[in-house]
Student: 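Sharing a structure with you now.
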Amino acid sequence: MDAPSEELLLQWQREQFLLRERVKEEDTEEWQRHPDFCGLKRVGGVDLSFIKGDDIHACAHLVVLSYPHMQLLHEDFKMVTLKAPYVAGFLGFREAPPLLQTLEKLKNELPDLMPQVLFVDGNGLFHSRECGLACHLGVQADLPCVGVAKNLLHLDGVVKSDEHQSQSSSKPVYVSVGHRISLATAVSLTHRCCLYRVPEPIRQADLRSREYLRSHILAPDVS
DNA sequence: GCGACAG
DNA sequence: ATCTTGTCGC
Ligand SMILES: [Mg+2]
């Protein structure tokens, strides 16, 4: 896949600044006000998995788990063809479109299963232009969203001395606001959804999308 | 100037 | 993101 032209990158930056203005970084839901998040029943997770040497075909996966027990309520996957290459700082333009499609499908076919909050594999406001993948998804789907990155995205003004060092011995994850949730609530909710290092919704979407590809190595994206 | 850079 | 089984450690 070709590297984006300089003009396209500038266009993408303009879009990110516009999206950023639409991000709500406060709690907007009733359940977010309660200490025990009573009222929260469904949490979602999305992820994309790829095959070894193929950068454009991927399996987009969406899972909906019960809260607080993290039981699988729904899952959906779809083979997709990506339209943009991966460029650090512009992940949203590559992964948001196909993931939004799975959310749109769920909204149309099984609206009662729509998650009340979505965990995204990637950053939210913790981004050089405060517009990571979780912000793209949150704003465009108008859904409360939490961004969780497994690795640090180097930012301009941010040095390693910030909040990003963990107390425990395990490798940290980086939580940030995607949309319609406060950072404090996002962090608290993330803790409550973790059975392992990564929040269960994201972990399940990752595991299941990979499992799907493993059993369909000989059935590529044909249509 | 070079390197580093979510997935 | 992906190439990869067993193995060491809490
Ligand atoms: Mg991922």
Side-chain angles (χ1 to χ4, degrees), chain A residues 1 3-4 9 12-13 15-16 19-20 23 45-63 77-102 118-139 145-164 166-179 183 186 190 194-199 201-217 220-221:
Chain A
M1 190 170 300
L9 286 179
W12 279 355
Q13 289 194 29
E15 290 181 38
Q16 288 183 325
L19 275 175
R20 168 60 185 101
V23 173
V46 288
D47 192 31
L48 249 51
S49 283
F50 300 79
I51 307 177
K52 47 181 178 181
D54 193 336
D55 275 0
I56 68 172
H57 297 301
C59 176
H61 210 101
L62 164 67
V63 300
F77 42 76
K78 178 184 184 181
M79 286 306 299
V80 297
T81 300
L82 301 183
K83 307 300 183 182
Y86 169 69
V87 181
F90 299 94
L91 181 62
F93 295 97
R94 176 170 169 81
E95 299 197 352
L99 294 177
L100 280 168
Q101 282 186 27
T102 67
L118 184 71
F119 277 94
V120 179
D121 190 12
N123 295 304
L125 289 179
F126 187 48
H127 178 277
S128 38
R129 285 169 295 283
E130 299 191 317
C131 191
L133 173 60
C135 296
H136 283 247
L137 290 175
V139 168
C145 230
V146 177
V148 180
K150 301 181 293 297
N151 293 96
L152 179 63
L153 170 60
H154 294 197
L155 304 181
D156 289 328
V158 184
V159 194
K160 74 167 186 177
S161 60
D162 284 49
E163 79 227 85
H164 317 304
S166 69
Q167 316 77 336
S168 67
S169 57
S170 65
K171 189 178 178 186
V173 292
Y174 306 88
V175 179
S176 60
V177 172
H179 187 49
L183 180 58
T190 296
C194 280
L195 275 61
Y196 303 97
R197 184 171 81 105
V198 176
I202 292 177
R203 182 168 168 274
Q204 286 300 318
D206 178 84
L207 256 33
R208 291 167 184 278
S209 58
R210 258 196 282 215
E211 168 59 34
Y212 177 82
L213 288 182
R214 254 186 303 174
S215 56
H216 289 71
I217 302 176
D221 180 29

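Every heavy atom of this structure was used, including side-chain atoms; hydrogens, water molecules and symmetry mates were not. Chain A is the first sequence line, chain B the second, and so forth, proteins listed ahead of strands; every chain is numbered from 1.
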Student: Please report the C-alpha distance between A:V120 and A:I202 in whole Å, then the side-chain angles of each, then the deciding distance to 0.1 Å, and finally whether the side-chain contact (heavy atoms from CB on, under 4.5 Å) criterion is met.
Tutor: CA-CA 7 Å; A:V120 179; A:I202 292 177; 5.7 Å; no

Student: What residues, two or more places apart in sequence or in another chain, satisfy side chain to side chain contact (heavy atoms under 4.5 Å, CB included) together with A:K83?
Tutor: none

Student: So, using side chain to side chain contact (heavy atoms under 4.5 Å, CB included) as the criterion, who are the partners of A:Q101 when residues are at least two apart?
Tutor: A:K78

Student: Sequence neighbours excluded, which residues qualify as ring pair (Phe, Tyr, Trp, His ring centres under 6.0 Å) partners of A:F93?
Tutor: A:W12, A:H136

Student: Considering only heavy atoms from C-beta outward, does the side chain of A:R94 approach that of A:V87 to under 4.5 Å?
Tutor: no

Student: In chain order, what residues pass the salt bridge (Lys or Arg N to Asp or Glu O under 4.0 Å) check against A:R197, with sequence neighbours excluded?
Tutor: none

Student: State plainly whether the residues A:R208 and A:D47 are in salt-bridge range, i.e. N to O under 4.0 Å.
Tutor: no

Student: Protein within reach of the bases, or only the backbone? For nucleotides 1-7 of chain B, mark each nucleotide 5' to 3' as B, S or -, using heavy atoms under 4.0 Å.
Tutor: ----SBB

Student: List in chain and number order the residues that pass ring pair (Phe, Tyr, Trp, His ring centres under 6.0 Å) with A:H127, two or more places apart in sequence or in another chain; answer none if no residue qualifies.
Tutor: none

Student: If you write DNA chain B from 5' to 3' in dot-bracket form, with Watson-Crick or G-U pairs under 3.5 Å, [ ] for crossing pairs and | for pairs with another strand, what do you get?
Tutor: .......

Student: Give the first and the last nucleotide of DNA chain C, reading 5' to 3', that has any atom under 4.0 Å from a heavy atom of chain A.
Tutor: C:dA1 to C:dC3

Student: Is there a donor-acceptor contact under 3.5 Å from the side chain of A:R129 to the main chain of A:G89?
Tutor: yes

Student: Holding to side chain to side chain donor-acceptor pair (under 3.5 Å), I want the full list of residues that pass it with A:Q13, two or more places apart in sequence or in another chain.
Tutor: none

Student: If the condition is side chain to side chain contact (heavy atoms under 4.5 Å, CB included), which residues does A:C135 pass it with, not counting sequence neighbours?
Tutor: A:V23, A:L125, A:C131

Student: Just to be sure I follow the notation: if a pair is Watson-Crick (purine N1 to pyrimidine N3 plus N6-O4 or O6-N4) or a G-U wobble (N1-O2 and O6-N3), each under 3.5 Å, what dot-bracket string does DNA chain C give, with | for pairs to another strand?
Tutor: ..........

Student: With sequence neighbours left out, write down each residue that passes ring pair (Phe, Tyr, Trp, His ring centres under 6.0 Å) with A:F77, or none if nothing qualifies.
Tutor: A:H61, A:Y212

